[in-house]
Trainee: 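Would you mind keeping the following structure in view while I ask a few things?
Quick note: numbers below take in every heavy atom, side chains included, and nothing from hydrogens, waters or symmetry partners.
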Amino acid sequence: MPFRVTDSLMSARLVQQLGLARQKQAAAQEQISSGKRINRPSDDPVGAEKVMNIRISQAALAQFKKAITQADEKLRVGDSALESYEQLLDRAGALLAQGLSDFATPEARQALAVEIEGLRESALHLAQLKHGDEFIFGGTRQDQPPFDSSGTPAATPSTEQLLQIEAEAPPVITGVRAEEVFSDGNGTVFAALASAATALRGTGNPTTDRATLEAMMGRLNDLGSRARSARVRLGVALEHVEAVGARLDADNLVLEEVAQQAESADVAQAAVKLAEASNVIDAIAQTARFRRNSLIDILG
């Protein structure tokens with residue numbers, strides 16, 4: 001018995017073909033407008049999972065980059081502060097040398113004492129310097145400044161502040177502790193400068209005052225060496241931070257390229273598919289007209 005294609009069967013087939021064509025048309029239009037081949041997991045489950053894993057890796061890199069930026073800023077501020085501190089110590093040493101000169105008058109020594117006291121206040125300001133909410137030289141002790149307004153060291157011990165800037169690698173220092181640069185085995189730089197100012201003004205014992213100034217000059221030289229050593233450590237840490245940052249940028253670029261390859265649409269190919277789907281829809285419309293049916297009749 002010959003098979004007869006009924007109108008209802010033909011209509012059902014046209015509806016099915018029209019639905020598929022519209023889906024392809026919508027998908028092609030979405031790819032062209034978004035520029036992406038994968039706009040939802042159902043578009044390509046395997047590819048979508050690959051892209052998702054890449055984005056997770058990029059998010060982890062972004063967190064490390066944030067830490068790198070934080071470390072870079074603190075290291076640079078710390079280095080700048082130490083540079084100012086070195087210059088301050090050099091100036092203080094030069095003033096003490098003038099005070100030790102046999103040609104320095106009592107009036108000149110008084111003026112030198114005033115400037116030394118000003119340098120002491122500047123040194124104290126540097127020691128208490130903050131970057132954002134953190135003390136640059138506070139280390140892990142961030143609830144109080146390294147020294148109070150009188151120059152007395154904080155009672156709470158401090159350790160180096162470390163920051164993790166990459167996975168599976170040792171953390172890096174983000175600064176040096178105040179105890180390392182503003183103090184030595186004999187006390188603080190503030191006490192040394194105060195003693196120098198007192199000796200310049202004179203205690204009534206010129207021999208003792210001279211011995212004090214000579215001893216303080218030696219102390220300032222030692223503290224200057226400490227500051228220079230600290231700057232070297234910060235410089236090494238800064239170079240490492242910059243190198244890691246550059247490497248993470250390169251890694252992120254590679255990941256982004258892989259993600260783009262996985263999810264980006266071939267716009268030219270999508271345009272071809274859009275045209276093909278549109279042609280199918282037009283063909284169905286023509287078929288419907290030929291059969292004296294409208295698309296509404298078919299869909300109904």
Side-chain angles (χ1 to χ4, degrees), residues 64-96 115-154 156 158-166 170-184 187-194 196 216-217 219-249:
F64 283 126
K65 278 293 293 182
K66 189 179 296 185
I68 285 173
T69 299
Q70 180 183 351
D72 184 272
E73 290 178 354
K74 287 194 66 176
L75 288 168
R76 291 184 185 278
V77 173
D79 180 71
S80 178
L82 287 178
E83 182 180 16
S84 297
Y85 180 51
E86 281 187 70
Q87 295 171 354
L88 182 153
L89 293 175
D90 289 341
R91 177 58 181 167
L95 294 177
L96 295 192
E115 187 171 352
I116 287 290
E117 289 170 341
L119 292 176
R120 179 185 179 280
E121 291 303 313
S122 296
L124 185 56
H125 171 74
L126 289 172
Q128 298 171 325
L129 190 65
K130 297 183 75 173
H131 175 63
D133 296 327
E134 295 191 342
F135 292 101
I136 290 297
F137 300 107
T140 55
R141 180 192 54 230
Q142 291 294 328
D143 60 338
Q144 57 184 312
F147 301 91
D148 64 17
S149 58
S150 66
T152 302
T156 307
S158 175
T159 56
E160 283 184 338
Q161 194 173 40
L162 303 174
L163 194 61
Q164 192 76 35
I165 62 171
E166 59 180 327
V172 299
I173 63 169
T174 59
V176 293
R177 298 177 303 125
E179 296 88 330
E180 298 178 51
V181 291
F182 296 97
S183 303
D184 59 15
T188 69
V189 64
F190 319 114
L193 292 173
M216 293 307 104
M217 282 193 67
R219 291 277 309 284
L220 294 180
N221 286 332
D222 291 341
L223 289 165
S225 296
R226 284 173 169 263
R228 285 187 288 275
S229 296
R231 286 193 71 190
V232 170
R233 292 188 63 207
L234 294 187
V236 171
L238 184 58
E239 287 183 0
H240 177 64
V241 167
E242 291 175 342
V244 172
R247 185 165 65 250
L248 293 187
D249 285 340

Trainee: How many angstroms lie between CG in D90 and CG in L119, if you round to the nearest 0.5 Å?
Mentor: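 Taking CG in D90 and CG in L119, the distance rounds to 11.0 Å.
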
Trainee: With a 4.5 Å limit on heavy-atom distance, are the side chains of L82 and F137 in contact?
Mentor: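 Yes, their side chains come closer than 4.5 Å.
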
Trainee: What are the two closest non-hydrogen atoms of Y85 and A227, and how far apart are they?
Mentor: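 Scanning both residues, the minimum pair turns out to be CD2-CB, 3.8 Å.
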
Trainee: Are the side chains of E166 and H240 in touch, meaning some heavy atoms are under 4.5 Å apart?
Mentor: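 They are in contact (side-chain heavy atoms under 4.5 Å apart), so the answer is yes.
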
Trainee: Within the 4.5 Å heavy-atom criterion, are L162 and I173 side-chain neighbours or not?
Mentor: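 They are in contact (side-chain heavy atoms under 4.5 Å apart), so the answer is yes.
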
Trainee: Kindly indicate whether the side chain of S158, heavy atoms from C-beta on, has any atom under 4.5 Å from the side chain of E179.
Mentor: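 The answer is yes; the side chains approach within 4.5 Å.
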
Trainee: Which residue in the set E73, Q70, R76 passes side chain to side chain contact (heavy atoms under 4.5 Å, CB included) when paired with H131?
Mentor: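 Filter result, single survivor: E73.
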
Trainee: If we count only N and O atoms by modelled type, under 3.5 Å, do the side chains of R226 and S229 hold a donor and an acceptor together?
Mentor: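 Side chains of R226 and S229: no pair found under 3.5 Å.
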
Trainee: To check you understand the geometry: which heavy-atom pair defines the closest contact between L129 and A81, and what is its length?
Mentor: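 The answer is CD2-CB, 3.8 Å.
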
Trainee: Could you tell me which non-hydrogen atom of A92 sits nearest to which non-hydrogen atom of L220, and how far apart they are?
Mentor: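 Smallest interatomic distance, heavy atoms only, reads CB-CD1, 3.7 Å.
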
Trainee: Between the side chain of T69 and the main-chain N/O of K65, is any donor-acceptor distance below 3.5 Å?
Mentor: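 Judged by distance alone, yes, a pair lies under 3.5 Å.
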
Trainee: Which heavy-atom pair separates R141 from T156 by the least distance, and what is that distance?
Mentor: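 So the minimum-distance heavy-atom pair works out to NH1-O, 2.6 Å.
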
Trainee: Would the distance check show the side chain of R177 and the main-chain N or O of T159 forming a donor-acceptor pair, the cut-off being under 3.5 Å?
Mentor: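 Side chain of R177 to backbone of T159, a donor-acceptor pair under 3.5 Å: no, none is there.
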
Trainee: For Q128 and P145, work out which heavy atoms get closest and say how close.
Mentor: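 Looks like CG-CB, 4.3 Å.
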
Trainee: From R233 CZ over to E180 CD, what is the distance, rounded to the nearest 0.5 angstrom?
Mentor: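 With rounding to 0.5 Å, CZ (R233) is 5.5 Å from CD (E180).
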
Trainee: Measure the spacing between CZ of R228 and CG of L89 and express it to the nearest 0.5 Å.
Mentor: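 Spacing of CZ (R228) from CG (L89) equals 8.5 Å.
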
Trainee: Write down the atom of S183, the atom of T188, and the distance for their closest heavy-atom approach.
Mentor: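 So the two residues come closest at OG-CG2, 3.7 Å.
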
Trainee: Going by heavy atoms in the side chains, are V189 and L88 under 4.5 Å from each other?
Mentor: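 No, their side chains stay 4.5 Å or more apart.
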
Trainee: Say you draw a straight line from NZ of K74 to OG1 of T174; how long is it, rounded to the nearest 0.5 Å?
Mentor: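 With rounding to 0.5 Å, NZ (K74) is 4.0 Å from OG1 (T174).
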
Trainee: Roughly how far, to the nearest 0.5 Å, is CG of D148 from CG of L124?
Mentor: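 If we round to the nearest 0.5 Å, L124:CG and D148:CG are 8.0 Å apart.
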
Trainee: Could you go through V172 and V241, starting from their C-alpha distance and side-chain angles, then the distance that decides it, and tell me whether this counts as side chain to side chain contact (heavy atoms under 4.5 Å, CB included)?
Mentor: CA-CA 8 Å; V172 299; V241 167; 4.0 Å; yes

Trainee: What residues form a side chain to side chain donor-acceptor pair (under 3.5 Å) with D184, not counting sequence neighbours?
Mentor: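 Testing D184 for side chain to side chain donor-acceptor pair (under 3.5 Å), a comparison that skips the adjacent residues, returns R219.
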
Trainee: Can you confirm whether K66 is buried at NZ, in the sense that more than 12 heavy atoms of other residues, nucleotides or ligands lie under 6.0 Å from that atom?
Mentor: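 No, the 6.0 Å shell around NZ holds no more than 12 heavy atoms from other groups.
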
Trainee: If you round to the nearest 0.5 Å, how far is CD1 of I68 from CD of Q164?
Mentor: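 Spacing of CD (Q164) from CD1 (I68) equals 10.5 Å.
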
Trainee: Walk me through whether I165 and L248 qualify under side chain to side chain contact (heavy atoms under 4.5 Å, CB included).
Mentor: CA-CA 10 Å; I165 62 171; L248 293 187; over 6 Å; no

